[in-house]
Amino acid sequence: AVTLATWYGAPAPLFCAPKSKVPNAPKWNHAGPWCAPEGSNDYEPNKFQGGEINQDFFDYVNSGGSCRDYDGIKAGGWEFCGEGGDEACE
């Protein structure tokens with residue numbers, strides 16, 4: 001299944017992970033940081049080409065990463081809610 005939308009702030013593709021890899025599930029913040037377009041000085045390339053799920057991806061998600069989930073991303077990133085990321089998001 002394809003789970004990738006292309007609108008401004010569209011979330012990253014869906015993924016599943018055991019709690020041992022992603023202890024506190026983040027939510028996608030579509031209003032998160034603006035992502036620099038390709039060719040600009042601040043551009044960071046897609047780190048996870050082809051949707052590869054590995055330890056680098058889990059580390060990225062667990063650190064609240066943004067702007068490197070898919071090619072052409074314009075805004076958005078992972079965030080944790082509440083102190084310690086353990087409370088419900090609004």
Side-chain angles (χ1 to χ4, degrees):
V2 176
T3 61
L4 181 61
T6 57
W7 46 268
Y8 191 90
L14 297 174
F15 73 94
C16 293
K19 282 193 175 266
S20 62
K21 298 289 184 182
V22 181
N24 295 307
K27 78 170 188 118
W28 184 258
N29 179 356
H30 63 86
W34 170 81
C35 303
E38 188 171 358
S40 70
N41 291 336
D42 297 329
Y43 174 73
E44 293 188 55
N46 171 3
K47 186 172 183 175
F48 309 106
Q49 192 65 24
E52 184 177 342
I53 303 294
N54 56 30
Q55 190 59 48
D56 286 341
F57 177 76
F58 295 135
D59 292 344
Y60 167 78
V61 170
N62 288 327
S63 70
S66 61
C67 297
R68 298 189 72 192
D69 294 87
Y70 58 89
D71 289 333
I73 189 170
K74 296 173 184 74
W78 300 104
E79 73 175 6
F80 297 89
C81 302
E83 189 173 331
D86 56 359
E87 296 177 19
C89 299
E90 292 184 26

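Residues: numbered from 1 along the sequence shown.
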Arg68 side-chain N/O to Glu44 backbone N/O, donor-acceptor pair under 3.5 Å: no
So which atom in Tyr70 and which in Pro11 form the shortest heavy-atom distance, rounded to 0.1 Å? CE2-O, 3.8 Å
Spacing of Tyr43 atom OH and Glu38 atom CD [to the nearest 0.5 Å]: 4.0 Å
CZ of Phe57 to CG of Asn62: how many Å apart, nearest 0.5 Å? 9.5 Å
Nearest 0.5 Å please: distance from the OG atom of Ser20 over to the CZ atom of Phe58. 8.0 Å
Which pair of heavy atoms, one from Gly32 and one from Ala75, lies closest together, and at what distance? O-CB, 4.3 Å
Ignoring hydrogens, what is the shortest heavy-atom contact between Pro33 and Cys67? Give both atom names and the distance. O-SG, 4.0 Å
Which pairs count as side chain to side chain donor-acceptor pair (under 3.5 Å) when at least one residue sits in residues 28-37, sequence neighbours excluded? Asn29-Glu79
When rounded to the nearest 0.5 Å, the distance separating CD1 of Ile73 from SG of Cys35 is 4.5 Å
Which residues satisfy the ring-ring contact (aromatic ring centres under 6.0 Å, His included) test with Tyr8, sequence neighbours excluded? none
Under 4.5 Å between any side-chain heavy atoms of Tyr60 and Asn54, yes or no? no
Nearest heavy-atom contact between Ser40 and Ala36 is OG-CB, 3.2 Å
Pick from Ser66, Ser63, Pro26: which one makes a side-chain contact (heavy atoms from CB on, under 4.5 Å) with Trp78? Pro26
